[in-house]
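See below for the structure under consideration.
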Amino acid sequence: MLKLGVNIDHTATLREARYKNRGFGEPDPIEIALLCEQAGAHGITAHLREDRRHIQDRDVFSLREKIRTRLNLEMANVPEIVQLALNLKPDNVCIVPERRQEVTTEGGLDVKGQEKELTPTVKQLRQAGIIVSLFIAPEPEQIEASARIGAEFIELHTGAFAETRDNPAEMEAELQRLIEAASLAHKLGLKVNAGHGINYTNIKQIYRVPHLVELNIGHSIISRAVNIGIKCAVREMLELIKHYPFKE
Ligand code: PXP
């Protein structure tokens, strides 16, 4: 069965918009993660960025302690964060490229160009018992490099596919790239995850990509939660407002 990891970063984005540097605030990503688990999510994904723009260190340590499924830490290959991962011991690490100016992870990791830097990190993390995945574009040379440096998983970047939206020809071309990439990865002994931009509509196309173990989905799920939860939240506030004791 295809598994779902829910990326909770954007709940922290919302919290930080109001409570930056305060050490508390709502929504609480840990509470949200526990609700995702109650709903049946197979894992929780969080990206601890170097600039700590959304998820904070305290969040990942609290997630490690409280969640009962698997913790997948997305991170850049930089010494500070690698050390933190070794201390945290998430079940999985997904190494992603990171640029400070980007809104979200924009491209795949250049494994081929960074084999020298990535090899010792993958080794160190694996020796600590952490499963390592590399977030890459569906390109044969990146897949081959990922197999060479000893990663157990790749996560195929589905962003280019998701961006094709209403253009069926482009969507088909991007799907073919994903299908071929997943097949090649499988042939080379890699396990395959996928993520970025997957939503309630384009998920149906993803069914055509073979060998997938898990999808990591964030933005569309958090957006949908706002949509389907807003009526209830407004009703609850109206109920409270009813008890205002003064007349005009
Ligand atoms: N997988 C990886 C490696 C990511 O960087 C992201 C975005 O943070 C996702 C999955 C989830 O993408 P989205 O929020 O578009 O579902």
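All ligand and atom numbering here is 1-based and tracks the order in the structure. For clarity, every value in this text was computed on a predicted model and none was experimentally measured.
- Of the heavy atoms in E155, only side-chain atoms (C-beta onward) come closer than 4.0 Å to ligand 1.
- Ring geometry for H196 against H157 counts as tilted: the plane angle lies between 30° and 60°, on a 0 to 90° scale.
- Judged by distance alone, with hydrogens and angles left aside, the side-chain atoms of Q142 form a donor-acceptor pair with the main-chain N or O of K112 at under 3.5 Å.
- Taking only non-hydrogen atoms, the option from G218, G5, G195, S133 nearest to atom 16 (O) of ligand 1 is G218.
- To the nearest 0.5 Å, the span separating CZ on R58 from CZ on F24 amounts to 9.0 Å.
- Near G197, meaning under 4.0 Å from one of its heavy atoms, ligand 1 places the atoms 12 (O), 13 (P), 15 (O), 16 (O).
- Residues T45 and N7 have side chains that never bring a donor and an acceptor to within less than 3.5 angstrom of each other.
- Counting the atoms of ligand 1 from 1 in the order shown, those under 4.0 Å from a heavy atom of N216 are 10 (C), 11 (C).
- The atoms of ligand 1 that sit less than 4.0 Å from any heavy atom of V96 are 3 (C).
- Counting heavy atoms under 4.0 Å from ligand 1, residue E74 touches it through the side chain alone.
- For ligand 1, the atoms closer than 4.0 angstrom to any heavy atom of I217 are 16 (O).
- Linking Ile, Leu, Val, Met, Phe, Trp and Tyr whenever their side-chain heavy atoms come within less than 4.5 Å puts M75 and F61 in one cluster.
- Each of the atoms 13 (P), 14 (O), 16 (O) of ligand 1 lies under 4.0 Å from some heavy atom of H219.
- Under 4.0 Å is where a charged nitrogen must lie from a carboxylate oxygen, and between R126 and E152 at least one such pair does.
- The atoms of ligand 1 that sit less than 4.0 Å from any heavy atom of F135 are 2 (C), 3 (C).
- Using a distance-only test at 3.5 Å, with no hydrogens or angles considered, a donor-acceptor pair links the side chain of R64 to the main chain of K89.
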